[in-house]
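Data first, discussion second: the structure below is written as structure tokens.
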Protein chains: 2
Amino acid sequence: MEKYMKLAIELSKKGIGKVSPNPLVGAVIVKNGKIIGMGYHERYGGFHAERNAILNAKEDVKGSSLFVNLEPCSHHGKNLPCVDLIISSGISKVYIASVDPNPLVNGKGIEKLKKNGIEVDVGLLSDEAKYLNRVFFKYITKKLPYVALKVALTLDGFIADSNGNSKWITKQNFNVSHSLRNFFSSILVGANTVLKDNPRLTCRNGGRNPVRIVLDRDGITLGRGFNVYNEEARTIVFSKCCQGTLECYPETEPFDILSRLYNLGIDSVLIEGGASVLSQFLNFADELHLFYSTKIFGRGLSPFENIIKFVSQNMEFKIRNLKRLEDEFYLEVFRNV
Amino acid sequence: MEKYMKLAIELSKKGIGKVSPNPLVGAVIVKNGKIIGMGYHERYGGFHAERNAILNAKEDVKGSSLFVNLEPCSHHGKNLPCVDLIISSGISKVYIASVDPNPLVNGKGIEKLKKNGIEVDVGLLSDEAKYLNRVFFKYITKKLPYVALKVALTLDGFIADSNGNSKWITKQNFNVSHSLRNFFSSILVGANTVLKDNPRLTCRNGGRNPVRIVLDRDGITLGRGFNVYNEEARTIVFSKCCQGTLECYPETEPFDILSRLYNLGIDSVLIEGGASVLSQFLNFADELHLFYSTKIFGRGLSPFENIIKFVSQNMEFKIRNLKRLEDEFYLEVFRNV
């Protein structure tokens, strides 16, 4: 059974960068040991995965099993709820990887399926399914975007040398790095990064561009033609000096900024800032993506230099992924909740 | 053929901690596809691996093949050179993983075998064999001990928090850490580490104790009953204030200290010191063993704070090993020569 759920999860990933702030969902329909239908949630506002799988089915789905990584919806949206569709289709068993924590669903879909005589199995590959939709789960339950920090540092933990130079500490494996820009809905930097590096902040390995966010309290980057303000993608500025036609908001505190993003429907943010921005947002971070080179600076700029913590404090983060990338390595940690 | 060389290498490792400053050598004798003899260099001053393998052989070795990870010796030591023993034994083929860079050997053993009609194959698993005897190779060619630095640090590169506390940044996987103490002949710390932690510096997972070395230029730890001066193991002090019955030398500069250790027959040193000692010896380091926790300090003590290097400089070290140890990770890098 796992292989079908695995396939549903893989299918769901085709929606990365396209369905936000909806969850990633894939569905597989199996009858007599044969896959007869597959589908996934393809774009925001599009059909749900279950509906697509049923529409794509090559045989009558009556008596079949449905594998779906997220609990089918039971609330009325643009279309008939998936639960009603499943019931009327004659599907007899539904495997669900994880419950949908959306207060509108949250077990109600499962309940309705059971009441209508459909066998329901919950929990197959649930860890994988929860990881897959970690952005959606945070967004829907905490009413805040999912926050990821990305840092490139030396073996001894510096993000710039003592002259302030950071180009290039790591080669940062282009693909991992740009895949993050496709995965997260927005990318955030501080004004200093714009002044210093003039980045475009676009996704350049085939994915869609994230919304670009600049924290520029004092407006020092405004009206100066920096790349981040070009037409390639939407840009949002947080500043006390909003001007012109820019999309600009006055918040300056991390929590207020994140709340504003939530209200704008932005479900996740990848923070690539310098030490000031990284330090400000560390306490809000759900995960960190760290790219280490084997360089050693001795002295330099530390990523979280505006923070002071002690050895006696608990570990805030746990390792999710550790991977060698040629002569560098990549570490992904997540908040230990 | 690789499997026999692999076995020879595994056998040689039984000599770790016992043969220094001799190389680690294992030998396997194969006849008609069957292993008929095995041996290794068991202790300093003991028989060489080749001799042990021949002595242990259960059949006549005439016409057999010998697998040995290091070129057999051709110079007269306490016993007949291994090369002469091999020739007289009737062994017909010798597989050698790596040439012995010892100026007394360095190809002469191979030459003599060939001259006497023995077929010689050089290079099977040579990378593995060179790594195995990296200590011996450095010691014999550079006339300096092999230098390894061991550091426990946070995700953001600190070896102590801003209060100076370092207990415990990592759990440091007891076994990896104490295996290093068995592998290297000596362990070196600065006076500050003795004052602060009062460590015993012994090997406590079944290996032999390394020689303990304390850098205490001004003699601030002397005559005060610190653990490092107890009877558990030999201790050498480098100080301007040598006193009493201590084994004590006056050198204070890293190169002079390392030269002294070479002259004392100490082939390798594991440096576990604080920032001052680590910074002093970084330029002499052949490899670094880094234990990272997922803690973040923001600010604190950097391991190489007395050094300043820049992003434009080349990478000095390359990754040899990267391994997750539960909630921590271990990185081994070696000098990129």
Side-chain angles (χ1 to χ4, degrees), chain A residues 151 153-170 275 278-279 282-283 285 288 290 292-300 302-331 333-336, chain B residues 151 153-170 275 278-279 282-283 285 288 290 292-300 302-331 333-336:
Chain A
V151 191
L153 60 182
T154 63
L155 212 59
D156 52 346
F158 296 108
I159 59 169
D161 65 21
S162 46
N163 287 340
N165 290 323
S166 58
K167 278 190 171 169
W168 294 106
I169 286 175
T170 70
L278 291 170
S279 298
L282 180 63
N283 280 335
L288 314 182
L290 302 142
Y292 288 88
S293 82
T294 59
K295 292 202 176 205
I296 291 174
F297 286 167
R299 294 184 193 188
S302 293
F304 306 109
E305 60 162 18
N306 299 335
I307 280 174
I308 299 189
K309 292 179 191 271
F310 302 98
V311 73
S312 53
Q313 291 175 277
N314 286 334
M315 271 196 301
E316 281 178 274
F317 295 97
K318 294 188 88 161
I319 298 176
R320 179 182 286 142
N321 194 0
L322 175 69
K323 192 161 64 178
R324 180 170 174 177
L325 305 172
E326 294 172 41
D327 281 335
E328 305 178 350
F329 65 95
Y330 165 66
L331 174 71
V333 300
F334 64 99
R335 184 169 293 279
N336 188 8
Chain B
V151 190
L153 60 181
T154 62
L155 211 59
D156 52 346
F158 296 108
I159 60 170
D161 65 22
S162 45
N163 287 340
N165 290 323
S166 59
K167 275 188 173 169
W168 295 104
I169 286 175
T170 70
L278 291 171
S279 297
L282 180 63
N283 279 335
L288 315 182
L290 303 142
Y292 288 87
S293 81
T294 58
K295 294 202 176 207
I296 291 174
F297 286 168
R299 294 185 192 188
S302 293
F304 306 110
E305 60 161 18
N306 300 334
I307 280 173
I308 300 190
K309 291 179 192 273
F310 302 98
V311 73
S312 53
Q313 290 176 280
N314 286 335
M315 271 198 300
E316 281 179 274
F317 296 96
K318 294 188 88 160
I319 298 176
R320 181 182 284 142
N321 195 359
L322 175 68
K323 194 162 60 178
R324 180 170 173 175
L325 306 171
E326 293 172 42
D327 281 334
E328 304 178 351
F329 66 94
Y330 165 66
L331 174 70
V333 299
F334 64 100
R335 186 169 292 280
N336 187 10

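Throughout, protein chains are lettered first and strands after them, A, B, ... in sequence-line order, and every chain is numbered starting at 1.
The list of side chain to side chain donor-acceptor pair (under 3.5 Å) pairs with a residue in residues 159-170 of chain B, not counting sequence neighbours, is empty.
Side chain of A:Thr294 to backbone of B:Lys318: no donor-acceptor contact under 3.5 angstrom is found. A donor-acceptor pair under 3.5 Å links the side-chain atoms of A:Lys295 to the main chain of B:Val311, judged by distance alone. Of the possible donor and acceptor atoms, one in the side chain of B:Arg299 sits under 3.5 Å from a partner among the backbone N and O of A:Glu305.
The two residues B:Lys323 and A:Leu322 make their nearest non-hydrogen contact at C-CD2, 3.8 Å. Closest of all the heavy-atom pairs between A:Phe329 and B:Phe329 is CE1-CE1, 3.4 Å. Closest approach of B:Gly298 to A:Ser302, counting heavy atoms only: O-CB, 3.9 Å. Residues A:Arg324 and B:Ile319 share a closest heavy-atom pair of NH2-O, 3.2 Å.
With chain A as the partner, the residue from B:Ser279, B:Gly157, B:Ala160 showing the most heavy-atom pairs under 4.5 Å is B:Gly157. Of all the listed residues (B:Leu282, B:Leu278, B:Ile308, B:Asn306), the one sharing the greatest number of non-hydrogen pairs under 4.5 Å with chain A is B:Ile308. Counting heavy-atom pairs under 4.5 Å between each of A:Ile169, A:Ile296, A:Val151 and chain B puts A:Ile296 at the top. Interface summary for chain A: among B:Phe297, B:Phe158, B:Phe304, the most heavy-atom pairs under 4.5 angstrom belong to B:Phe297.
Only the side chain of B:Leu290 comes within contact range of chain A, judged by heavy atoms closer than 4.5 Å. Contact annotation for A:Ile159: neither backbone nor side-chain heavy atoms come within less than 4.5 Å of a heavy atom of chain B. Only the side chain of B:Val333 comes within less than 4.5 Å of a heavy atom of chain A; its backbone N, CA, C and O stay farther away. The part of B:Leu153 that comes within reach of chain A is its side chain, from C-beta onward, which places non-hydrogen atoms under 4.5 angstrom from that chain.
Taking the six-membered ring for Trp and the full ring otherwise, A:Tyr292 and B:Tyr292 have centroids separated by under 6.0 Å.
Using a 4.5 Å heavy-atom cutoff, the side chains of B:Leu331 and A:Leu155 are in contact.
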